[in-house]
Amino acid sequence: MRWCSEVMSVSGSGAHPLAPVTASFCNKSLVLQFHKPLFKFKFTYSSSLALTHRKLLPAAQTQPSASTSTSSDHDFVVVNFYHFVFIEDPLAEVAKHHSFLDFQGLDIHGRVYLNEQGINAQYSGPSKDALAYVNWLREDNRFSDILVQISPSENGHTFPALKLRYKPSLVQLEGGISHLPLLDPSMRAKPLSPSEWRDRLQAINKTDLTSKDYPNRSYILLDVRNGYEWDIGHFRGAQRPNVDCFRSTSFGLSQEEITASDPLSSVDKEKTNILMYCTGGIRCDVYSTILRQQGFQNLYTLKGGVSHYLKNEGPTEWVGNLFVFDSRLSLPPSTYYPQATAETELAPVSRDDKFAKCYICSLEVSELRHKNCANLDCNLLFLCCIKCVEDLRGCCCLTCTTAPRLRPVLNGMQRYKKWHIYRDMDFRGKMEIST
């Protein structure tokens, strides 16, 4: 496999442990009551979801109305959060989480990793089940202030199964992260709220646009994601990462032969303001700790990552879609911010909005969503126009079209299944021939 498949989850801190969450999908509404803490949900059937934290309502105001339909209980959502906190016995903690999920019979699929440094979670499930797990987790003082992010899943589960286990590294990075002082907030970058981030980017981009020959060198906007994530969406002014996988990122740590491609290779570590962003925040927290150890002083991250920003600020200063590490792959800003579609229609089209190119022919692509190469042994993740998909039968190059194990060409938004399914199909086929 030639692309990185590790999962980066979404979260931050700051939510009150008892703060209910309001999630809206459309016109129908549902109020669900949980105990310790209380969540209030308003569900509707559309592709958008807004997440807000509100003060705890009196019990009398939280009872479901007679006209409420319980069908909304089965709307699927994707939940993301992470939290750095010391866990003395992570194996016991894993067993505790398994016991709760099994006892409650919750239908949850995804990845929940725990170790001595905290938790990193990304999973899908019916809204009632998915958020009941969050409710239970927040009863623990260690996790009471996690920032939980939620987005809708119109086609059910976005993960094939549940992986809840101990993992030595919450984020995949060369050399691991267990040695990093992630539990010390002073060693991480200063988090900026979505509004603070927007204001800084607008000021930076305005200055650079009015003085193209002398760009603002006191700020560097660092996209701490994979290159293929940048390809479908990014903040204006951010350079494309020169790595295909975050685990090999080396910003500020480059050796002499590769410093030319390192945006931090020649900056003043004491005066330059470095603004870092990723999908949900955890990569930035990890990498800012590394940069702090290297002597970089002015480090800032986007609290909650891009998903949290889009929910609060919409697509301001953002171009394209957001790559996510589940079966949906790509989400438009309107998923998080319903007004985004109307605002986009009114906004003038800029040259930055035509950045996505076909991997094969380099022409502009109309769908900001990656495909996997149909060659099972290649599996390259790439952007492709409709014509090239048809001409190369879903492959990334002519060589792959002659590979012995080719998956079927899929139309539209369909996804290839996991590689082991094709392996098993191939095995069964051989067995049938031999018998």
Side-chain angles (χ1 to χ4, degrees), residues 6-23 34 37 39 41 49-53 76-87 90 93-94 96-97 100-101 106 108-115 117-153 158-159 162-165 167 169-171 177 182-183 185 188 191 193-194 277-286 301-312 322 324-326 328 331 335-336:
E6 84 272 13
V7 174
M8 302 298 157
S9 295
V10 181
S11 184
S13 62
H16 188 279
L18 297 180
V21 178
T22 300
F34 294 85
F39 281 107
F41 305 101
L49 181 148
L51 178 65
T52 60
H53 300 280
F76 276 72
V77 296
V78 176
V79 177
N80 299 271
F81 60 83
Y82 76 94
H83 191 57
F84 292 120
V85 64
F86 176 66
I87 298 179
E93 188 70 26
V94 169
K96 177 183 175 183
H97 286 233
F100 172 76
L101 295 178
L106 301 184
I108 289 176
H109 290 187
R111 305 175 179 92
V112 181
Y113 298 138
L114 294 111
N115 66 16
Q117 294 177 312
I119 186 171
N120 187 7
Q122 183 181 45
Y123 60 85
S124 62
S127 57
K128 185 175 181 179
D129 289 0
L131 295 169
Y133 179 38
V134 174
N135 258 337
W136 172 78
L137 186 64
R138 276 182 167 172
E139 291 179 348
D140 188 324
N141 290 333
R142 295 171 299 174
F143 308 110
S144 61
D145 62 347
I146 57 174
L147 173 61
V148 179
Q149 302 204 50
I150 306 169
S151 56
S153 175
T158 61
F159 298 93
L162 175 63
K163 293 182 180 179
L164 170 56
R165 62 183 176 85
K167 193 172 184 181
S169 181
L170 296 180
V171 174
I177 66 171
L182 296 173
L183 301 182
R188 303 197 296 264
S193 69
Y277 73 90
C278 54
T279 305
I282 190 169
R283 297 191 200 184
C284 292
D285 271 346
V286 170
T301 56
L302 172 56
K303 181 179 179 180
V306 180
S307 55
H308 188 50
Y309 177 88
L310 293 177
K311 177 181 73 69
N312 288 275
L322 176 63
V324 291
F325 287 89
D326 56 56
R328 299 170 300 173
L331 297 178
T335 300
Y336 300 93

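Quick note: numbers below take in every heavy atom, side chains included, and nothing from hydrogens, waters or symmetry partners. Computed from a prediction, not measured in an experiment: that's the story for all the values here.
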Task: Heavy-atom donor-acceptor pair, Gln117 side chain to Ile177 backbone, under 3.5 Å - done: yes
Open item on the list: Treating Ser169 as the side-chain partner and Val171 as the backbone partner, does any N or O pair qualify as donor plus acceptor under 3.5 Å?
Closed with: yes
- [ ] Give a yes or no on whether the backbone of Arg142 and the side-chain of His83 come within a donor-acceptor separation of less than 3.5 Å.
- [x] yes
TODO: Decide yes or no for Ser307 and Leu322: does some side-chain heavy atom of the first lie under 4.5 Å from some side-chain heavy atom of the second?
DONE: yes
- [ ] Examine distances only and state if a side-chain atom of Arg138 and a backbone atom of Ile146 form a donor-acceptor pair shorter than 3.5 Å.
- [x] yes
TODO: Compare every heavy atom of Gly280 with every heavy atom of Gln149, then report the nearest pair and how far apart it is.
DONE: NE2-O, 4.4 Å
- [ ] List the atom of Val306, the atom of Leu302, and the distance in Å for their closest heavy-atom pair.
- [x] N-CD2, 4.0 Å
Task: Donor-acceptor under 3.5 Å (Arg111 side chain, Asn120 main chain) - done: no
Open item on the list: How long is the straight-line distance from CZ of Arg283 back to OH of Tyr277, given to the nearest 0.5 Å?
Closed with: 11.0 Å
- [ ] Output, in order, the C-alpha distance, side-chain angles, deciding distance and verdict of ring pair (Phe, Tyr, Trp, His ring centres under 6.0 Å) for Phe81 and Phe143.
- [x] CA-CA 10 Å; Phe81 60 83; Phe143 308 110; 8.3 Å; no
Task: Separation of Asn80 CG from Ile282 CD1 (nearest 0.5 Å) - done: 11.0 Å
Task: Closest contact, heavy atoms only, His109 versus Phe159 - done: ND1-O, 3.1 Å
Open item on the list: Determine whether a donor-acceptor pair (N or O, by modelled atom type, separation under 3.5 Å) exists between the side chain of Ser124 and the backbone of Thr158.
Closed with: yes
Open item on the list: Would you call the rings of Trp136 and Phe100 parallel, tilted or perpendicular, taking 30° and 60° as the class edges?
Closed with: parallel
- [ ] State, yes or no, whether a side-chain contact exists between Leu137 and Ile119 at a heavy-atom distance under 4.5 Å.
- [x] yes
Open item on the list: Check the orientation of Phe84 and Tyr82. Use parallel for under 30°, tilted for 30 to 60°, and perpendicular for over 60°.
Closed with: perpendicular
Task: Heavy-atom pair with the smallest gap, counting every atom of Cys284 and Thr301 - done: CB-CG2, 3.5 Å
Open item on the list: Looking at Lys167, is its backbone amide N or carbonyl O close enough to the side chain of Asn115 to form a donor-acceptor pair, meaning the two atoms are under 3.5 Å apart?
Closed with: yes
TODO: Flag the pair Lys96 / Leu114 as yes when at least one side-chain heavy-atom distance between them is below 4.5 Å, and no otherwise.
DONE: no
Open item on the list: Within the 4.5 Å heavy-atom criterion, are Leu101 and Leu162 side-chain neighbours or not?
Closed with: yes
TODO: For Arg328 and Thr335, test the side chains for any donor-to-acceptor distance below 3.5 angstrom and give the result as yes or no.
DONE: no
Task: Side-chain (Tyr123) to main-chain (Ala130) donor-acceptor, under 3.5 angstrom - done: yes
TODO: Search all heavy atoms of Ile87 against all heavy atoms of Gly118 and return the closest pair with its distance.
DONE: CD1-O, 3.7 Å
